[in-house]
Enquirer: 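Next up is a structure, given as structure tokens.
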Amino acid sequence: MERTQCPNGRLSRPLLVLALAGLAPALALLLSACGGDVAPETAPAGQVAASAPTGVHIRTVPGVPTIPAGPIDARGHQARVACSTCHSIKAPDTTRKTGAELTAFHQGLQVAHGSLSCLSCHNEDDYDSLRLADGHRVPFERVMDLCAQCHGPQARDYAHGAHGGMSGYWDTTRGLQTRNQCTHCHAPHAPAYPAMKPTFKPRDRFLPPTRESNDD
Amino acid sequence: MEQAPSDVQSPSTHRVSYPRFLMRAISAATDGSFLFYAWMTGLTAVFLVGVNAWAHQASSGMINTHMTDHVSWGLYIANFTFMVGVAAGGVMMVIPAYLYKDRKMQDVVIIGELLAIAAIVSCLLFVIADLGRPDRFWHMFPGIGRFNFPMSMLTWDVLVLNGYLIINLHVVGYLLYMRFLGRKPNPRWYKPFILLSIVWAVSIHTVTAFLYQGLGGRPFWNSALLAPRFLASAFVSGPAFIILTMIVLRRFGGSRMSDQPMNTLVKIVRVTILINLLMVISELFTEFYAGGAHTSSARYLFFGHGEANALVPWIWSAIVFNIVAAVLFMKPDLVKHTKLLVTACTLAFAGAWIEKGMGLIVPGFIPSTLHEYVEYLPSHLEWRVAAGVVAFGLLVYSASLKVAIPIFRGDMRFEQAPPKETAEK
Amino acid sequence: MTEKSSGLTRRRMVKGLGATLGAAAFGAALSPLFRSSGMNAAELMQRHYKELTPADKQAVIERLQAEAKEAFGVSISIQDPRPTPQTKFVYAINLSVCNGSGKCVEACHKENNHDRETKQSYIRVLEMPKGTMDMEQGNTTYNHTVPSPDKFYMPVQCQQCDEPPCVDVCPVQATWKEKDGIVVVDYNWCIGCRYCMAACPYHARRFNWKKPYLPAEEINPNQGYLSNRVRPQGVVEKCHFCLHRTREGRLPACLEACPTGARVFGNILDPKSNIRWVLENKRVYVLKEELGTKPSFFYFFDK
């Protein structure tokens, strides 16, 4: 009851604040963050100002989506191609619903996201932006607005720092807090959090580790 | 001089007689038969082995013990707890002797008090052996350290144990010195302390039980029955050990003690061992009838948990020892059958030892507070240190008995060698 | 000289010899004690943390830094951040999200300069079957891929109780609760009696059974006097909410390491804080509430 009542106003305002606060450092860090894995708090030394940045920074997502195209070159780089390269000239095949049915360029694209299909989130005519349920276009940077349409409780918890990883400062008046967006942890096409292997176990004397392991 | 009504004596006389008393005591404690020398040498050797083991532990850390973050107390604290019981049990000679004015008992009460002293000395050594930082022992001294009194039960224990040691040292020292001088002890100087020591004996074991039973996070200990159970088992182990001492003294020390004090002690053990068993039964009933997560320690102790069952043989041995001893003690003329009496006392003593250590301190930690079953059996190093401490306690006990018995028999007396006049001014 | 007195003299000589031999053997038995270096008068005589003047504290910190430099060959910096007024730290974990990967365990291990050989850490993660809160059913030694479909995962570390039994029992006041709610240990005052370990209902305390082993290159040089400096042998330690970080406004290491974002940390006295929102809007619970320890550490489920 209380959860469903949790008002939208209360949700969107902090989101807005978060987004605004994230904007400035986001721009500054756009280059370094395009890999999506670089912790933005470790800014290049030259950029550190007299007073360290404060507030909340939301890690950016790579803007225009790309997919791997062809083999890896001699330098080890994976050639990538933007989705819009093909889709600006080639109409999507709306008869296909899942990645498994798609062939060229979409091999290995796992889709496991409820009953959603490609065009639930992608614009038929513009693959460089996302599509909200009401047909509005939003840039990829606002992917969280897209997710929040269905995942209200998660978005609400996120707005209050109770969902999603973060690093940096708890006291945002003293330093920068860096936060993930949805797609940093959840692959958009198969959002279930991947299984992990616990790699670090304390070594207790007289308490042998469990021998059976269901993976090997 | 013998019939002097009070102990008023010029201080200068004491200045002569007291050092002489100490000299004679040291000399008596180090003189004896071949058997005595062999015994004392053997104890010294064991003690030195213990000292060496402890020195290793103190320098390279307690990693060489088998204690862990899960079972963070082991053999040392178990023995400490047991020794507190032995010390408290020694007072069971004092109660009949002075509360019920049993004359025959008064002659042997000194044995109980000496046992109390030796046991307390061992207790304190066990605590030091258990410290991770023995070099910081002074942090516990009131005044120069920071003594968390009255919040920490451990500070209470430090106070009552040292208090008990001082009271007993005073009573024993005073009575022996007066006997040595050949004077009748002045009740003013020992009666109040004897009465105090009775109350104090109860307090040392109660406070020691409170150490454990006050911990809400350890359901195995968190029982109101713990303190009474400690006392009951103390009043088994203390008198049982005194009976054994008296038998040994009769055999090797040429003691002329009558059977009567021993009989009194047998009567005491006969009752207390049953009370102890009754309390164990009551405790076990509560644990096993109600069941639930709080009883997992008891279940582990008695029946093991999967492959973890290191303590099972220990506790069942203790139960068998206790029951056999209880049956033997029921025999009305047990005192007449020395072999049976020795068996009964040994079983009762060993039973109480296991019950306090492997049967109480260790299972309190198994399962851990996160319900993990990490087992514990003492390491070689721990056994060596513990043996060393016990040997030192026995050294103290043997040497002090060696002094006390001739004094009480009247064989060792102050000879008024220097004339009084020369001693004055 | 009569025969009797010469016998006495001989006896006395034998006794003297025995005593000398005994004393020598005692000294020899104790010799391992003197092998251990590292003992110095300044450390031996050091006063309790609360009795140190700022100058004393500075001297102690400089000594510790110099010792670390000598032992490891690395420069470390030891700070002593004090509680910020109007701050009380509270932690919460979302058990619906925690996947038992143990990343927090590892982060704690690295952040806090724990012994590498035992892989020590202040956190233990219990794998529990869904449908029970009985820790008896739990298991910390699982090593399969997580999360298991029928299991949930519960990390346990110091609960920073408001009524800490460990603090009550310490005979020398070597551990106490600070104004911001963190229970700390003065590693230079603890005598290693381990009574606090017996008293803690959450298995939060660890003992240094030996000198911690740390390769120089793995040392975290950013250290706190009451937190993650390399501990001496024979003293008790515990989770301190990374006070060398959190008192500077930073998040604890275990939170940053959490891959699922299950951890929420903050100042409960700030009405706008994340942690306050969690406590007000989620149905939270504490471990072993019946013991009356009043933890500052909460657990909750989303679903």
Side-chain angles (χ1 to χ4, degrees), chain B residues 27 30-31 41 44-45 47-52 54-56 58-65 67-70 72-73 127 130-137 139-140 145-149 151-155 157-158 211-212 214-218 221 293 296 364-365 367-372, chain C residues 11 15 18-19 22 25-26 28-36 39 44 48 51 124 126 134-141 156 165 167-174 189-195 197-203 205-211 232-236 288 291-293:
Chain B
S27 150
T30 50
D31 264 345
T41 310
T44 310
F47 169 63
L48 289 176
V49 167
V51 168
N52 186 247
W54 175 79
H56 273 289
S59 74
S60 55
M62 299 179 90
I63 190 78
N64 294 317
T65 71
M67 289 183 271
T68 53
D69 287 338
H70 293 83
S72 48
W73 279 341
V127 170
D130 190 62
L131 290 185
R133 297 300 300 220
D135 54 315
R136 298 184 186 161
F137 190 64
H139 294 182
M140 252 204 276
R146 279 173 84 95
F147 203 54
N148 190 12
F149 186 81
M151 237 10 252
S152 171
M153 287 321 290
L154 202 52
T155 57
D157 221 25
V158 168
L211 278 185
Y212 310 108
L215 303 181
R218 304 272 173 197
W221 296 339
S296 40
F365 291 101
S368 75
T369 45
L370 297 185
H371 291 272
E372 294 182 83
Chain C
R11 179 158 279 221
K15 275 187 193 178
F26 186 75
L30 275 177
S31 64
L33 268 191
F34 311 114
R35 275 208 316 262
S36 60
M39 186 69 76
L44 198 65
H48 187 275
E51 292 167 18
R124 285 181 92 78
L126 273 94
D134 180 6
M135 283 196 238
E136 185 91 339
Q137 315 289 325
N139 164 30
T140 58
T141 58
V156 183
V167 168
D168 288 349
V169 301
C170 178
V172 295
Q173 297 174 348
W189 191 257
C190 170
I191 58 172
C193 74
R194 307 190 297 291
Y195 195 9
M197 298 178 80
C200 172
Y202 305 102
H203 190 79
R205 288 179 169 255
R206 307 282 186 272
F207 185 70
N208 288 281
W209 300 98
K210 62 180 183 67
K211 209 178 170 69
Q233 169 184 303
V235 302
V236 170
K288 304 194 185 187
L291 298 179
T293 50

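Protein chains get the first letters and strands the later ones, always in sequence-line order, with residue 1 at the start of each.
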Enquirer: Hey, do the aromatic rings of B:F365 and B:W221 have their centres closer than 6.0 Å?
Expert: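 Aromatic pair counts; centres sit under 6.0 Å.
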Enquirer: Could you report the tightest heavy-atom contact between C:C170 and B:N148, atom names first, then the distance?
Expert: O-ND2, 2.7 Å
Enquirer: Quick check on the interface: out of B:H371, B:M153, B:M140, who has the most heavy-atom pairs with chain C under 4.5 Å?
Expert: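 Max contact count across the listed options: B:H371.
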Enquirer: Does any backbone or side-chain atom of C:F26 lie under 4.5 Å from a heavy atom of chain B? Answer side chain, backbone, both or neither.
Expert: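 Answer is both: backbone and side chain atoms of C:F26 are under 4.5 Å from chain B.
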Enquirer: So which of B:T68, B:V49, B:V127 has the largest heavy-atom pair count under 4.5 angstrom toward chain C?
Expert: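 Maximum pair count with chain C is reached by B:T68.
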Enquirer: Between the side chain of C:H48 and the main-chain N/O of C:Q173, is any donor-acceptor distance below 3.5 Å?
Expert: yes
Enquirer: Please rank C:V169, C:L126, C:D168 by heavy-atom pairs under 4.5 Å with chain B and give me the top one.
Expert: C:D168
Enquirer: Please determine, among C:L291, C:V235, C:T293, C:N139, the option with the most heavy-atom pairs under 4.5 Å with chain B.
Expert: C:L291
Enquirer: If you count heavy-atom pairs under 4.5 Å between each of B:M151, B:H139, B:H70, B:H56 and chain C, which one has the most?
Expert: B:H139
Enquirer: B:T44 versus chain C, heavy atoms under 4.5 Å apart: side chain, backbone, both or neither?
Expert: neither
Enquirer: Whether the side chain of B:R136 engages the backbone of C:G192 through a donor-acceptor N/O pair (distance < 3.5 Å, no angle test) should be reported.
Expert: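 Absent.
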Enquirer: Over all heavy atoms of both residues, which pair between B:R146 and C:W189 is shortest? Give the atoms and the distance, please.
Expert: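 Smallest interatomic distance, heavy atoms only, reads N-CZ2, 3.7 Å.
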Enquirer: B:F149 and side-chain contact (heavy atoms from CB on, under 4.5 Å): which partner among B:L154, B:T155, B:V158?
Expert: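 By the side-chain contact (heavy atoms from CB on, under 4.5 Å) criterion, B:F149 pairs with just one of B:L154, B:T155, B:V158: B:T155.
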Enquirer: Any chance you could lay out the side-chain contact (heavy atoms from CB on, under 4.5 Å) test for B:M62 and C:F207, step after step, and finish with the verdict?
Expert: CA-CA 10 Å; B:M62 299 179 90; C:F207 185 70; 3.9 Å; yes
Enquirer: Any side-chain to backbone donor/acceptor pair from C:R194 onto B:D69? Under 3.5 Å, distance only.
Expert: no
Enquirer: Under 4.5 Å, counting heavy-atom pairs only, tell me which of C:K210, C:K15, C:Q137 racks up the most with chain B.
Expert: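 Sorted descending by pairs with chain B, the first entry is C:K15.
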Enquirer: Is chain B contacted by the side chain of C:I191, its backbone, both, or neither, given a heavy-atom distance below 4.5 Å?
Expert: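 Looking at C:I191, backbone and side chain both touch chain B.
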Enquirer: List the atom of B:R218, the atom of C:C200, and the distance in Å for their closest heavy-atom pair.
Expert: NH2-O, 4.2 Å
Enquirer: Given heavy-atom pairs under 4.5 angstrom as the criterion, report whether the side chain, backbone, both or neither of C:V167 touches chain B.
Expert: backbone
Enquirer: Need one label for C:D134: side chain, backbone, both or neither, based on atoms under 4.5 Å from any heavy atom in chain B.
Expert: side chain
Enquirer: So what's closer than 4.5 Å to chain B heavy atoms on C:V156: side chain, backbone, both or neither?
Expert: side chain
Enquirer: For each of B:S296, B:G214, B:P134, B:G50, tally heavy-atom pairs with chain C at distances under 4.5 Å, and name the one with the top tally.
Expert: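 Of the candidates given, the most pairs with chain C belong to B:S296.
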Enquirer: side-chain contact (heavy atoms from CB on, under 4.5 Å), that's the test. Do C:Y202 and C:K288 meet it? Break it down for me.
Expert: CA-CA 9 Å; C:Y202 305 102; C:K288 304 194 185 187; 3.9 Å; yes
Enquirer: Looking at C:P201, C:A174, C:A29, which has the largest count of heavy-atom pairs under 4.5 Å with chain B?
Expert: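 The option with the most such pairs is C:A29.
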Enquirer: Check each atom of C:L30 against the heavy atoms of chain B and say whether the ones under 4.5 Å are side chain, backbone, both or neither.
Expert: both
Enquirer: Using heavy-atom distances under 4.5 Å, tell me whether C:K211 contacts chain B through its side chain, its backbone, both, or neither.
Expert: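 Neither part.
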Enquirer: Between B:G61, B:S27, B:G217, B:S152, which shows the greatest number of heavy-atom pairs under 4.5 Å with chain C?
Expert: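 The answer is B:S152.
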Enquirer: Okay, side chain of B:W73, backbone of C:C193: is any donor-acceptor separation there less than 3.5 Å?
Expert: yes
Enquirer: If I measure from the heavy atoms of chain C, does B:D157 come under 4.5 Å with its side chain, its backbone, both, or neither?
Expert: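 Neither part.
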